[in-house]
Novice: 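Mind looking over this structure? Questions follow.
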Amino acid sequence: MEWDCYRNSGLKLTGSNYNFIAKYLDHSTELNDVQAPSQVTGINAKNVTSSSLMLSWEAATDNRGISKYELYVDGKKTATTALTKIEFNRLVANKTYSFAIVAVDDAGNQSQISESYSVTTLPENVEETGEAKFMGIYSSLYFWRCSKLSRTRISCKMVDKK
């Protein structure tokens, strides 16, 4: 079906102008998208500190394209981004956060919420130095050496300074 649409000046509307008007007049089946995006997977946290972390995930897929991702922290929608990563700041030290993500396509269709992904921030007295983590408690002869075992576990032992 072709529509002849004219502005007041008598110029014919074509191409993107036609699509714009057809969308709002609901005369185009091409623009009626009812397919939801795929569920977000591959959630991962990097650069976890006592107060921040970088969360990333695999891009969702959709027949028309993804416009944004809605991020839920502990069940509450807290952020929206068009990217597949986001940095969270001002987090509480040594606290476990649960993240979930919903993909939204250009038509507003939402994916199923992702599986929950939990991350625990580091204790406040842990300082990053390369791959190992060192706790800032020192004496004249010994100090504590703490190593990150996983994203939620740290192992500490007392080490002779010599």
Novice: Name the orientation class of the two ring planes belonging to Phe88 and Phe99 (parallel below 30°, tilted from 30 to 60°, perpendicular beyond 60°).
Specialist: tilted
Novice: Between Asn44 and Tyr117, does a side chain to side chain contact (heavy atoms under 4.5 Å, CB included) hold up when you go through it step by step?
Specialist: CA-CA 8 Å; Asn44 187 27; Tyr117 181 82; 3.5 Å; yes
Novice: Is the side chain of Ser116 donor-acceptor paired with the backbone N or O of Ala100 at a distance under 3.5 Å, no angle test?
Specialist: no
Novice: Rounded to the nearest 0.5 Å, what's the gap from OG1 on Thr49 to CD on Glu124? Could you check?
Specialist: 10.5 Å
Novice: In the single-linkage hydrophobic clustering (I, L, V, M, F, W, Y; side-chain heavy atoms under 4.5 Å), do Met54 and Tyr72 co-cluster?
Specialist: no
Novice: Could you grab the distance from atom CD of Glu87 to atom OG of Ser52, nearest 0.5 Å is fine?
Specialist: 5.5 Å
Novice: Taking Ser67 for the side chain and Asp105 for the main chain, is one N or O donor matched with an acceptor at less than 3.5 Å?
Specialist: yes
Novice: According to a hydrophobic-cluster definition based on side-chain heavy atoms being under 4.5 Å apart (Ile, Leu, Val, Met, Phe, Trp, Tyr only), do Ile113 and Leu55 belong together?
Specialist: no
Novice: Return the minimal non-hydrogen interatomic distance between Ser38 and Ala103, and the atom names on each side.
Specialist: O-CB, 4.2 Å
Novice: Output the distance between atom CD1 (Ile66) and atom OG (Ser111), rounded to the nearest 0.5 Å.
Specialist: 7.0 Å
Novice: Would Ser118 and Thr96 count as having a side-chain donor-acceptor pair, cut-off 3.5 Å?
Specialist: no
Novice: Report yes if some heavy atom in the side chain of Val104 is under 4.5 Å from a heavy atom in the side chain of Tyr69; otherwise report no.
Specialist: no
Novice: Same cluster or not: Trp57 versus Val73, using hydrophobic residues (I, L, V, M, F, W, Y) connected whenever any side-chain heavy atoms lie under 4.5 Å apart?
Specialist: yes
Novice: Tell me whether Lys95 forms a cation-pi arrangement with Tyr97, defined as NZ or CZ under 6.0 Å from the six-membered ring centre and within 45 degrees of its axis.
Specialist: yes
Novice: Under a 4.5 Å cut-off applied to non-hydrogen side-chain atoms, are Leu53 and Val119 in contact?
Specialist: yes
Novice: Any donor-acceptor pair under 3.5 Å linking the side-chain atoms of Gln110 with those of Glu70?
Specialist: yes
Novice: In Å, rounded to the nearest 0.5 Å, how long is the span from CG of Leu91 to CG of Leu122?
Specialist: 11.0 Å
Novice: Can a donor-acceptor pair be found between the side chains of Ser50 and Thr121 at a distance below 3.5 Å?
Specialist: no
Novice: Under a single-linkage definition using a 4.5 Å side-chain heavy-atom cutoff for Ile, Leu, Val, Met, Phe, Trp and Tyr, are Val40 and Leu71 assigned to the same hydrophobic cluster?
Specialist: yes
Novice: Begin from the C-alpha positions of Ile43 and Ser114 and carry the test side chain to side chain contact (heavy atoms under 4.5 Å, CB included) through to its verdict.
Specialist: CA-CA 9 Å; Ile43 303 172; Ser114 69; 3.4 Å; yes
Novice: Taking the side chain as C-beta and beyond, is there a heavy-atom pair between Asp106 and Asp33 under 4.5 Å?
Specialist: no
Novice: Can you tell if the side chain of Asp62 reaches within under 4.5 Å of the side chain of Arg64, non-hydrogen atoms only?
Specialist: yes
Novice: Just jot down the side-chain hydrogen bond (donor to acceptor under 3.5 Å, both in side chains) partners of Lys68, sequence neighbours excluded, or say none.
Specialist: none
Novice: Take a 6.0 Å sphere around CD of Glu115 and say whether it holds more than 12 heavy atoms from other residues, nucleotides or ligands.
Specialist: no
